[in-house]
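Scroll down for the structure; my scribbles are underneath it.
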Amino acid sequence: MKRSLKIYLFIISMIVALGSLMPTIANADEKTQKIDQFIKEQMAISKIPGVSLVIVEKGKTVYEKGFGYADVQSKTPVTPKTLFELGSTSKAFTGLAILQLEKEGLLKRSDDVQKYIPWFKLKYNGKSQLITINQLLYHTSGIATNTISNIPKSNEPNALELTVKKLLDQPLNRQPGSSFEYATINYDVLGLVIEKVSKQPFDTYIKQQLLKPISMNDTVVGIHQVNSNEMATGYKIGLMREQAYTPPIYRGNVPAGYVISNTSDIAKWLKLQLGNSQNETIDYKIIQESHIPDQSVEPFDKDTYYASGWGVMGKEEQYISHAGENPTFSSYFIIQPNEQLGVAVLSNMNSSYTTAIGQGVIDLWEGKTINTIHSDIFQNLDKIISLICVVVVGLGMFLSIQLLTTLREIVKKQRIRVSLNRKRTFLLIFHSLSVAIIFALIILFPKLLPEKSNWDFIKVWGHLQLRCYFIVLSCQLCFIVY
């Protein structure tokens with residue numbers, strides 16, 4: 001009788017336990033369904049070909065899934081093993097490496113960079129300036145944002161040094177330490193410091209000291225290290241659809257933007273950031289220190305200050321995040337330490353929708369209302385230029401037909417040449433000046449941008465637009481001939 005009672009009580013307790021778990025399981029299923037639907041909707045709007053998402057919570061990977069295609073032409077699906085360029089989310093690896101070297105007593109963040117790179121002498125208003133490692137970490141060095149457009153195309157082993165030397169010809173944009181100005185090349189300088197101090201190539205140091213200890217075995221540092229068929233094809237938006245594009249190699253920009261990874265490995269990186277993956281090589285105190293922002297300058301966004309490769313928002317309920325964009329890839333990482341929650345999104349198109357997806361996913365997981373309305377500057381520009389191209393091509397075809405008709409009439413002597421009168425002279429001068437102005441604008445366009453770019457940079461980040469400018473010019477010339 002006693003044995004039967006014990007069995008009965010055990011069964012009852014199991015039913016109660018399972019019953020208590022059912023709402024949690026149902027809630028998790030509802031979250032994942034909403035996330036799946038949200039991502040598919042955002043991908044359809046943004047035209048992003050492929051997305052990989054991972055969510056970690058309290059030391060566990062609670063969601064990991066690929067959407068769309070790693071390669072559209074071959075219909076290769078995205079999986080958690082698909083490799084993507086991270087873009088600027090790579091900076092957290094470089095920042096952590098600097099803190100690690102400081103812990104080992106090999107440098108101090110308060111040191112002048114010239115202690116490690118003697119020729120690194122930059123000027124502000126004609127006067128030489130002292131720039132510290134901390135100022136590079138926090139983007140308060142005074143180096144201008146537009147220095148990204150001068151990063152040389154190179155796959156040579158000395159590309160990092162060549163990239164940093166490009167700064168020697170450009171004055172600082174502000175007094176070091178005075179204010180925040182995001183300049184991706186700050187982290188390339190830090191990469192060179194790491195090489196000088198560790199006496200190792202940057203990619204070797206990161207691989208051995210950061211990636212290997214936490215078993216990020218699929219992750220590589222730089223495109224030159226990729227040797228896998230898991231690498232996704234990169235795309236840009238063009239004519240309102242994805243366009244495959246292979247940009248030049250910028251090996252000198254690896255410390256700032258070219259760690260290559262997948263969500264399977266990034267889950268380990270997020271767990272490390274949240275203190276769930278401690279090991280003897282990487283002290284969690286250094287991780288925490290890398291999340292401490294510089295509040296000696298004004299925030300760069302609403303209540304958001306920059307730390308060592310991370311943006312830190314809020315005080316009591318902190319969100320630590322960073323976005324990354326390369327010409328054909330983008331990423332977004334966000335962690336919430338209090339909840340032990342982390343989200344990472346990787347995509348094979350340069351689109352701000354990647355960040356919007358990441359922010360929406362963490363909101364959905366936390367049970368918050370999400371904002372589904374978002375716009376991307378590249379997509380908006382593409383829509384405008386696509387429309388212009390359609391109009392211009394149509395106009396060009398019409399003018400070409402008119403031109404051929406006129407030439408035929410001249411050959412058949414159905415039309416005779418007449419002398420220029422005042423009206424025709426005015427129209428000729430007006431059309432000639434119009435073309436001259438358009439041609440000048442095409443040449444000077446990069447310099448007219450707020451960040452003063454150059455044509456090489458514009459071609460890499462928006463090559464389809466460049467073609468349209470020349471279509472416009474050609475049609476204008478046809479109009480003059482007509």
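Both backbone and side-chain heavy atoms feed into the values below; hydrogens, waters and symmetry mates do not.
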Original post:
Between His139 and Phe300, is the ring centre distance below 6.0 Å?
Top reply: no
**OP:** Check whether the side chains of Gln170 and Asn146 place a donor and an acceptor atom closer than 3.5 Å, and report yes or no.
**Re:** yes
Subject >> Thr281 and Lys212: side chain donor to acceptor below 3.5 Å >> reply: no
**OP:** Check whether any side-chain heavy atom of Leu96 sits under 4.5 Å from a side-chain heavy atom of Ile286, and report yes or no.
**Re:** yes
Original post:
So do the side chains of Thr147 and Leu167 get within less than 4.5 Å of each other, counting heavy atoms only?
Top reply: yes
**OP:** Check whether any side-chain N or O of Ser331 sits under 3.5 Å from a backbone N or O of Leu86 as a donor-acceptor pair, and report yes or no.
**Re:** yes
Subject >> Presence of salt bridge, Glu156 and Arg251, under 4.0 angstrom >> reply: no
Subject >> Gap between atom CG of Asn326 and atom OG of Ser90 - 0.5 Å precision >> reply: 7.0 Å
Original post:
Do you see a donor-acceptor pair shorter than 3.5 Å between the side chains of Gln42 and His374?
Top reply: no
Original post:
Can you tell me if Gln209 and Gln200 form a side-chain donor-acceptor pair at under 3.5 Å?
Top reply: no
Original post:
Side chains of Tyr138 and Ser296: is there a donor and an acceptor less than 3.5 Å apart?
Top reply: no
Subject >> Between Tyr306 and Asp301: side-chain donor-acceptor atoms closer than 3.5 Å >> reply: no
Original post:
Can a salt bridge be assigned to the pair Glu161 and Lys166 using a cut-off of 4.0 Å between side-chain N and carboxylate O?
Top reply: no
Subject >> Residue pair His224 / Asn155, side-chain donor-acceptor N/O under 3.5 Å >> reply: no
Original post:
Is the closest side-chain donor-acceptor distance between Ser347 and Ser330 under 3.5 Å?
Top reply: yes
Original post:
Are Asn262 and Ile266 side-chain neighbours, meaning at least one heavy-atom pair lies under 4.5 Å?
Top reply: no
Original post:
Hey, are Tyr116 and Asp111 close enough side-chain-wise for a donor-acceptor pair under 3.5 Å?
Top reply: yes
Original post:
With a 4.5 Å limit on heavy-atom distance, are the side chains of Pro152 and Thr163 in contact?
Top reply: yes
Original post:
Is there side-chain contact between Val62 and Thr32, with at least one heavy-atom pair below 4.5 Å?
Top reply: no
Original post:
When rounded to the nearest 0.5 angstrom, what distance separates CH2 in Trp269 from OG in Ser264?
Top reply: 15.5 Å
Original post:
What class does the angle between the rings of Tyr182 and His322 fall in, given that below 30° is parallel, 30 to 60° is tilted and above 60° is perpendicular?
Top reply: tilted
Original post:
Out of Leu99, Ile320, Ile98, which residue meets the side chain to side chain contact (heavy atoms under 4.5 Å, CB included) rule with Ser290?
Top reply: Leu99
Original post:
Considering only heavy atoms from C-beta outward, does the side chain of Val54 approach that of Val343 to under 4.5 Å?
Top reply: no
**OP:** List the steps, then state whether side chain to side chain contact (heavy atoms under 4.5 Å, CB included) holds for Glu289 with Lys285.
**Re:** CA-CA 6 Å; Glu289 199 166 347; Lys285 290 182 179 178; 6.0 Å; no
Subject >> Residue pair Ile194 / Pro255, side-chain heavy-atom distance below 4.5 Å >> reply: no
Original post:
Side chains of Thr233 and Asp71: donor-acceptor distance under 3.5 Å anywhere?
Top reply: yes
Subject >> Carboxylate-amine/guanidinium contact Lys47 Glu242, below 4.0 Å >> reply: no
Original post:
Does a donor on one side chain sit under 3.5 Å from an acceptor on the other, for Asn338 and Gln318?
Top reply: no
Subject >> Thr354: which of Asn348, Ile48, Leu346, Val51 passes side chain to side chain contact (heavy atoms under 4.5 Å, CB included) >> reply: Ile48
Subject >> Glu104 side chain to Gln100 side chain, donor-acceptor N/O pair below 3.5 angstrom >> reply: no
**OP:** Applying side chain to side chain contact (heavy atoms under 4.5 Å, CB included), run through Ser321 and Met313 and close with a yes or a no.
**Re:** CA-CA 8 Å; Ser321 65; Met313 182 180 70; over 6 Å; no
Original post:
Between the side chains of Thr184 and Lys91, is a donor N or O closer than 3.5 angstrom to an acceptor N or O?
Top reply: yes
Subject >> Sub-4.5 Å side-chain heavy-atom contact between Leu341 and Val56 >> reply: no
**OP:** Find out whether the Lys NZ or Arg CZ of Lys40 is both under 6.0 angstrom from the six-membered ring centre of Phe67 and within 45° of the ring's axis.
**Re:** no
**OP:** Assign the ring pair Phe84 / Phe329 to parallel, tilted or perpendicular, where the plane angle (0 to 90°) is split at 30° and 60°.
**Re:** perpendicular
Subject >> Donor-acceptor under 3.5 Å (Glu181 side chain, Thr145 main chain) >> reply: yes
Subject >> Rounded distance [0.5 Å steps], CD1 in Ile362 versus CD in Gln336 >> reply: 7.0 Å
**OP:** Taking only Lys NZ, Arg NE, NH1 and NH2, and the carboxylate oxygens of Asp or Glu, determine whether Lys268 and Asp265 approach each other closer than 4.0 Å.
**Re:** yes
